[in-house]
Protein chains: 2
Amino acid sequence: MVSQAEENYLKAVFAISEKEGKSATTNAIAATMQTTAASVTDMLKRLADKNLIAYEKYRGVLLTPDGRRIATELIRKHRLWEVFLLEKLGFAWDEVHELAEQLEHVQGDALVDRLDAYLGYPKYDPHGDPIPDAQGRWTLRQQVPLVTLQPGERGTVTGVQDHSSAFLQYLDQLGLGLGVEVEMLERIPYDQSARVRAAGKTELMLSEKVCQNLFVKTN
Amino acid sequence: MVSQAEENYLKAVFAISEKEGKSATTNAIAATMQTTAASVTDMLKRLADKNLIAYEKYRGVLLTPDGRRIATELIRKHRLWEVFLLEKLGFAWDEVHELAEQLEHVQGDALVDRLDAYLGYPKYDPHGDPIPDAQGRWTLRQQVPLVTLQPGERGTVTGVQDHSSAFLQYLDQLGLGLGVEVEMLERIPYDQSARVRAAGKTELMLSEKVCQNLFVKTN
DNA sequence: AATTATTTTTAGACTAGCCTAAAAATTGAT
DNA sequence: ATCAATTTTTAGGCTAGTCTAAAAATAATT
């Protein structure tokens with residue numbers, strides 16, 4: 001049996017180590033879990049005892065196949081619940097994360113799979129992040145930060161890098177949801193901001209920060 | 001903040017004490033929670049400290065208004081999730097309880113209320129039990145155990161007393177789901193079993209136990 | 001009413017998960 | 001290569017929640 005606390009640590013390790021293939025350090029885990037390094041060390045020992053991580057003192061950790069499977073299932077559940085909350089219950093995309101953090105810990109294989117079917121086997125969540133299927137396979141998407149588009153190039157909004165409420169609400173305000181078509185009109189050399197046409201009509205000024213945190217698929 | 005363990009105790013106290021208006025004893029709570037009397041005493045102290053129960057040593061406990069509100073909200077969440085699992089995800093009525101036990105602990109008022117709306121504000125769960133509304137009000141139903149019907153009387157199945165899988169699966173097998181019309185044909189004096197017509201055609205032999213655990217609304 | 005049986009509480013111990021403060025190991029800089 | 005800075009681990013302690021065994025209170029029986 002894996003406790004909720006253990007599950008959350010596995011997710012943190014996944015998020016950190018899987019990003020670059022390099023092992024997750026104690027401090028990095030403590031930062032994402034908002035706890036102390038000492039607590040992390042405690043938990044790493046427990047997870048290593050259960051063969052969910054490969055742990056060498058002072059050397060950071062990597063997930064074992066078992067640990068990776070559990071982390072992947074958690075991400076699958078989290079993102080499916082996010083789709084449910086948005087599509088079925090009508091929550092906004094900046095409201096779904098916290099609830100999904102709770103719902104992802106509900107145990108029951110049949111539940112996840114039925115939910116998946118009910119939602120029509122979505123491949124991406126409301127933030128554009130890929131949803132692993134029942135076998136843990138990911139469908140990665142060809143996407144780049146908006147900042148890489150050259151003037152004249154067009155793309156479609158497919159996801160975000162920053163998942164904060166502040167960013168998501170700002171995007172809502174700008175009308176920049178998933179699926180919106182954008183065209184890079186001009187890059188301002190002075191501050192790296194960009195003039196962009198959205199949805200074929202609105203013209204927007206976007207800061208460099210926004211352009212770095214918004215993913216588009218070029219078309 | 002109320003922990004999941006505390007929530008479960010409040011539900012148990014509600015289930016025991018609210019049934020007869022009499023206070024719940026330590027042993028009764030231990031039995032429904034599948035734990036020891038010592039653990040119950042510990043928890044009762046904590047709940048009393050939080051003013052969720054009125055606790056007098058050796059005298060059993062009653063819920064305070066705060067405790068009753070929390071218990072009612074839990075039952076509301078539990079039963080709404082049960083409706084969701086059955087109606088939307090297609091689970092059978094003997095499979096929904098365990099999952100709802102987990103889902104009921106997910107925190108978030110907006111979630112419950114949106115779920116309620118999404119399901120069309122149902123008044124009864126898949127077992128025929130009433131679902132409290134957002135203000136904690138119950139819609140009680142006029143129903144009697146099938147065993148009380150006289151030969152010739154008719155009724156509609158509205159709920160069950162026994163929630164066990166064994167009973168629910170047997171009812172499925174007999175075709176006795178909620179809403180099915182039944183007519184009492186004959187009571188067998190020898191063993192108190194009954195000959196019943198279901199859905200206007202099938203003739204069934206039901207033991208006294210079944211007749212006691214099945215609720216009907218006479219029409 | 002006194003004794004026995006039952007119920008409930010207390011006492012003490014255990015685990016999971018967290019903390020702070022101090023020690024140990026590693027990394028970086030000269 | 002040594003010393004300083006940083007990171008990580010250890011040591012010890014805390015709370016919530018559970019347990020067993022023993023003590024105390026209540027209920028039942030004669």
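Every chain is numbered from 1 and lettered A, B, ... according to where its sequence line falls, protein lines coming before strand lines.
B:Asn27 has a side-chain polar atom (N or O) that falls below the 4.0 Å cut-off from OP1 or OP2 of C:dT8. Between A:Thr41 and D:dT10, a side-chain N or O to OP1/OP2 separation shorter than 4.0 Å is absent. Listed pair B:Ser3 / D:dG17 meets the phosphate criterion, a side-chain N or O lying under 4.0 Å from OP1 or OP2. Note on B:Thr26: a side-chain N or O is less than 4.0 Å away from OP1 or OP2 of C:dT9. Dashed line: the shortest gap from a side-chain N or O of A:Thr25 to OP1 or OP2 of D:dT7 is not under 4.0 Å. Taking side-chain N and O atoms only, A:Arg46 has a distance below 4.0 Å to OP1 or OP2 of C:dG17. OP1 or OP2 of D:dT26 has not a single side-chain nitrogen or oxygen of B:Lys57 nearer than 4.0 Å.
Remark: A:Lys88 fails to qualify as a cation-pi partner of B:Phe84 under the 6.0 Å distance and 45° angle criteria applied to the six-membered ring. Taking the ring centre of A:Phe14 as origin, the terminal cationic atom of A:Arg68 falls outside the region bounded by 6.0 Å and 45° from the ring axis.
One can place CG of B:Asn8 at 14 Å from C1' of D:dT18, the figure rounded to the nearest angstrom. Atom pair A:Glu7:CD and C:dA16:C1' shows a separation of 15 Å (rounding to whole Å applied). At whole-Å resolution of the value, CE in A:Met33 and P in C:dG17 are 10 Å apart. Per the geometry, CD1 belonging to A:Ile29 stands 13 Å off P belonging to C:dC18, to the nearest Å. When the C1' atom of C:dC18 is taken as reference, atom CE of B:Met1 falls 18 Å away, rounded to whole Å. Between the CZ atom of A:Arg59 and the P atom of C:dA24 there is a distance of 18 Å, given to the nearest Å. Atom C1' of nucleotide D:dA27 and atom OH of B:Tyr58 are separated by 13 Å, given to the nearest angstrom. Atom CG in A:Leu44 sits about 10 Å away from atom C1' in D:dT8, given to the nearest Å.
Set against C:dC19, C:dG17, D:dT9, the side chain of A:Tyr55 has D:dT9 as its closest nucleotide. Side chain of A:Tyr9, nearest nucleotide from C:dT20, D:dT8, C:dC18: C:dC18. In the set C:dG17, C:dC19, D:dT9, the nucleotide with an atom closest to the side chain of A:Ala37 is D:dT9.
B:Gln4 comes within contact range of no nucleotide atom at all, as no heavy-atom separation falls under 4.0 Å. Within 4.0 Å (heavy atoms only), B:Ala38 reaches at least one base atom of the nucleic acid.
Each of B:Ala28 and A:Ser39 was matched to the nucleotide of DNA chain C holding its nearest heavy atom; the match closer to the 5' end belongs to B:Ala28.
Here the rule is salt bridge (charged side-chain N to carboxylate O under 4.0 Å, His left out) with A:Arg76, and of A:Asp109, A:Asp113, A:Asp125, A:Asp129 only A:Asp113 fits it.
Between A:His78 and A:His97, the side chains place a donor N or O and an acceptor N or O closer than 3.5 Å (distance only, hydrogens not considered). Looking only at atom types and distance, the side chain of B:Ser164 has a donor-acceptor partner in the side chain of B:Asp162 under 3.5 Å away.
The number of heavy-atom neighbours closer than 6.0 Å to CD of A:Gln135, taken from other residues, nucleotides and ligands shown, is above 12.
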